[in-house]
Amino acid sequence: MKLLYQQMLAFLGVIMVTLSVVSILFIQSTTNTVWENSFDQLEQYTSVLKDRSFTKVNATTYMINTQFLNDAEEILDQQHVHFIIYNADNQAMYPNERSRASRPIDASDWAELKKGNAVSIRELARNPADGSQQSMTIYYKPVFLSGKLLFVVGAFAPVEQIQTSIGKTERNILIAFILSMLAAVFISYFVARFQVSRINKLRRATHQVATGDYEVQLKLDGKADDEISGLATDFQNMVDSLKASEIEIKRQEDRRRQFMADAAHEMRTPLTTINGLLEGLAYDAIPEESKAKSIELMRNETNRLIRLVNENLDYEKIRTNQIMLSKVTFNAREDIDNIVSQLTQKATDANDHLVIEAADTVKVFADHDRFVQVMFNIVQNAIQFTQDGTITITAKNGYHQTEFAVSDTGIGMTPDQVKNIWERYYKADPSRKNTKYGESGLGLAIVHQLVMLHGGDIQVTSKAGEGTTFTFSFPDEETAPKTVELAQS
């Protein structure tokens with residue numbers, strides 16, 4: 001069964017049960033009220049008769065005021081109300097012509113009357129008007145004098161009129177019930193259709209996502225704080241996350257392809273050089289005076305391949321948390337001076353100027369060899385992308401950490417290049433093929449992983465044509481984490 005009809009049946013079931021309960025309670029309440037009103041009316045009549053239907057003859061004798069009773073019955077003729085007067089011996093005294101046909105009051109009811117209690121009953125009895133057997137409402141009230149029962153006044157009214165009134169009420173309620181059910185059918189249909197239409201929007205959106213289309217913008221009508229709207233919001237957030245994941249997966253796949261192409265290129269170039277030189281030596285195509293130079297070139301290219309493989313191995317070990325750090329506290333200024341000495345010639349070749357801005361003692365808590373590797377790679381990268389400029393190395397002790405910065409006035413990077421700078425084999429200037437300084441695209445990726453492994457932080461700010469600044473820090477011994485798990489990528 002479709003959800004639309006399930007919703008309709010649910011709404012109709014609730015409405016039908018509610019209306020049925022309300023109708024039954026209303027009919028019962030109305031019926032009880034009608035009967036109570038009928039008895040209250042008869043009680044009022046008997047109270048009037050009690051006071052005005054008897055004429056005092058002497059101190060102990062009373063006569064029935066027949067004329068008053070006749071006038072009262074004539075007035076109440078339209079209501080079919082009639083009266084009977086019983087004496088103290090349970091004998092009907094009025095009206096005379098019907099007295100013989102009237103049966104005595106039941107013993108149990110008579111006992112209550114003798115106690116001074118009024119009695120109201122509903123039973124099959126003779127109608128005082130014509131003597132026929134009918135369902136009647138009867139109200140008896142005793143009349144006492146000096147504690148002695150004198151008379152019992154009885155008022156009779158046929159049940160037929162009361163039942164007719166109750167029947168009209170029931171018919172009106174039935175009509176109202178039917179009209180209410182018809183209205184409920186239409187209301188439940190539109191309410192159910194509205195809810196189902198919102199669910200169908202979710203279904204269509206789900207099918208759209210299942211086919212790989214994440215361009216879904218799900219907006220539902222209705223209150224923003226109900227459960228279906230909440231589900232739609234969660235669904236939209238899920239779709240947005242899937243869309244972002246798909247974009248990232250495509251980007252990573254592109255980077256993987258680029259990585260394979262770059263890795264193949266980096267290895268193919270020295271292998272091609274070595275293979276060509278070996279063929280030249282094998283076929284004596286290289287002059288004798290050039291053989292020593294060719295062998296030296298092959299040795300350099302072989303060392304380059306070894307460095308490339310070692311860098312890849314280092315990167316994978318760091319990324320998979322296989323590198324064990326041996327952290328100690330040492331003076332970073334001494335290592336910075338040594339690095340500047342090693343790279344001075346390379347800086348001179350690029351017409352660059354190296355500047356150190358640091359105190360004579362800058363304490364850092366890190367793995368000494370890995371710290372040197374980080375600093376060397378960043379400074380070397382700055383020289384590589386700076387021509388006729390200045391590279392400034394800054395070091396200082398901060399709050400619970402040691403802060404470093406390497407700034408250059410080189411070619412700089414675009415925001416997109418900065419975003420990808422930590423990717424393996426990524427080169428901000430892919431047109432550069434000079435590998436004199438080991439430009440494989442792995443250096444900065446290793447730097448990033450090593451700083452993270454120390455529990456530190458590294459940031460890059462750059463502007464194309466104006467230069468780049470690498471800012472990184474190492475926590476001190478008190479705040480440094482014992483172990484750091486790097487995310488697998």
Side-chain angles (χ1 to χ4, degrees), residues 1-14 186-263 315-316 318-321 413-428 430 441 444-445 448-449 451-453 455-464 481 484-489:
M1 183 183 294
K2 290 188 175 181
L3 182 60
L4 174 63
Y5 302 123
Q6 294 179 24
Q7 293 271 353
M8 284 188 63
L9 287 176
F11 290 139
L12 285 175
V14 172
F186 287 103
I187 293 173
S188 62
Y189 172 76
F190 287 109
V191 171
R193 184 177 179 182
F194 172 73
Q195 296 293 352
V196 170
S197 67
R198 301 170 80 202
I199 295 174
N200 284 335
K201 286 183 180 180
L202 272 170
R203 284 186 60 199
R204 289 192 292 271
T206 302
H207 178 73
Q208 196 173 342
V209 172
T211 58
D213 182 5
Y214 300 112
E215 300 297 329
V216 176
Q217 292 298 323
L218 188 61
K219 293 183 179 179
L220 298 182
D221 299 327
K223 293 183 178 180
D225 58 350
D226 65 6
E227 287 77 3
I228 296 180
S229 295
L231 176 61
T233 301
D234 293 340
F235 180 85
Q236 186 64 57
N237 292 337
M238 180 194 73
V239 172
D240 293 341
S241 296
L242 289 173
K243 183 178 179 181
S245 297
E246 184 186 40
I247 294 173
E248 181 62 21
I249 289 171
K250 289 181 178 179
R251 193 184 76 85
Q252 291 292 343
E253 180 62 19
D254 292 340
R255 291 298 305 134
R256 186 190 66 81
R257 292 194 187 98
Q258 187 64 40
F259 163 73
M260 296 302 295
D262 290 344
Y315 181 85
E316 288 301 325
I318 295 170
R319 191 177 66 87
T320 56
N321 297 297
M413 292 180 287
T414 64
D416 187 60
Q417 289 172 329
V418 171
K419 178 182 176 182
N420 296 287
I421 195 65
W422 307 124
E423 298 286 347
R424 183 163 47 167
Y425 282 103
Y426 180 80
K427 298 178 184 179
L444 292 181
H448 181 263
Q449 296 284 5
V451 174
M452 294 297 102
L453 195 60
D457 181 62
I458 184 167
Q459 302 291 333
V460 181
T461 57
S462 184
K463 190 172 183 180
V484 176
E485 294 290 331
L486 296 178
Q488 301 297 307
S489 59

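Only heavy atoms go into these numbers, but all of them, side chains included; no hydrogens, no water, no symmetry mates.
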Q: Tell me every residue that passes salt bridge (charged side-chain N to carboxylate O under 4.0 Å, His left out) with K419, counting only those two or more places apart in sequence or in another chain.
A: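 Result, salt bridge (charged side-chain N to carboxylate O under 4.0 Å, His left out) vs K419: none returned.
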Q: Please name all residues satisfying side-chain hydrogen bond (donor to acceptor under 3.5 Å, both in side chains) with N200, sequence neighbours left out, ordered by chain then number.
A: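 Testing N200 for side-chain hydrogen bond (donor to acceptor under 3.5 Å, both in side chains), a comparison that skips the adjacent residues, returns none.
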Q: To check you understand the geometry: which heavy-atom pair defines the closest contact between L202 and A232, and what is its length?
A: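 Residues L202 and A232, closest heavy atoms: CD2-CA, 4.1 Å.
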Q: Sequence neighbours excluded, which residues qualify as side chain to side chain contact (heavy atoms under 4.5 Å, CB included) partners of K463?
A: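 For K463 the side chain to side chain contact (heavy atoms under 4.5 Å, CB included) partners, ignoring immediate neighbours, are E466.
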Q: Nearest 0.5 Å please: distance from the CG atom of L242 over to the CD1 atom of I249.
A: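 The distance works out to 9.0 Å.
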Q: Does Q208 reach the side chain of V239, with side-chain heavy atoms less than 4.5 Å apart?
A: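 Side chain of Q208 against side chain of V239, heavy atoms only: no contact under 4.5 Å found.
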Q: Taking side-chain hydrogen bond (donor to acceptor under 3.5 Å, both in side chains) as the test, write out the residues that go with Q236, two or more places apart.
A: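 Listed in chain order: D240.
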Q: Atom CG in L453, atom NE2 in H448: separation rounded to 0.5 Å?
A: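 Answer rounded to 0.5 Å: 11.5 Å.
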Q: Test of understanding: with side chain to side chain contact (heavy atoms under 4.5 Å, CB included), list the residues that count as partners of E246, not counting sequence neighbours.
A: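 With neighbours one apart ignored, the set is Y214, K250.
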Q: Could you check whether any side-chain heavy atom of Q417 comes within less than 4.5 Å of a side-chain heavy atom of I421, counting everything from C-beta outward?
A: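 Of all side-chain heavy-atom pairs linking I421 with Q417, none is under 4.5 Å.
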Q: Please name all residues satisfying side-chain hydrogen bond (donor to acceptor under 3.5 Å, both in side chains) with E248, sequence neighbours left out, ordered by chain then number.
A: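 Partners of E248 under the side-chain hydrogen bond (donor to acceptor under 3.5 Å, both in side chains) test: R251, Q252.
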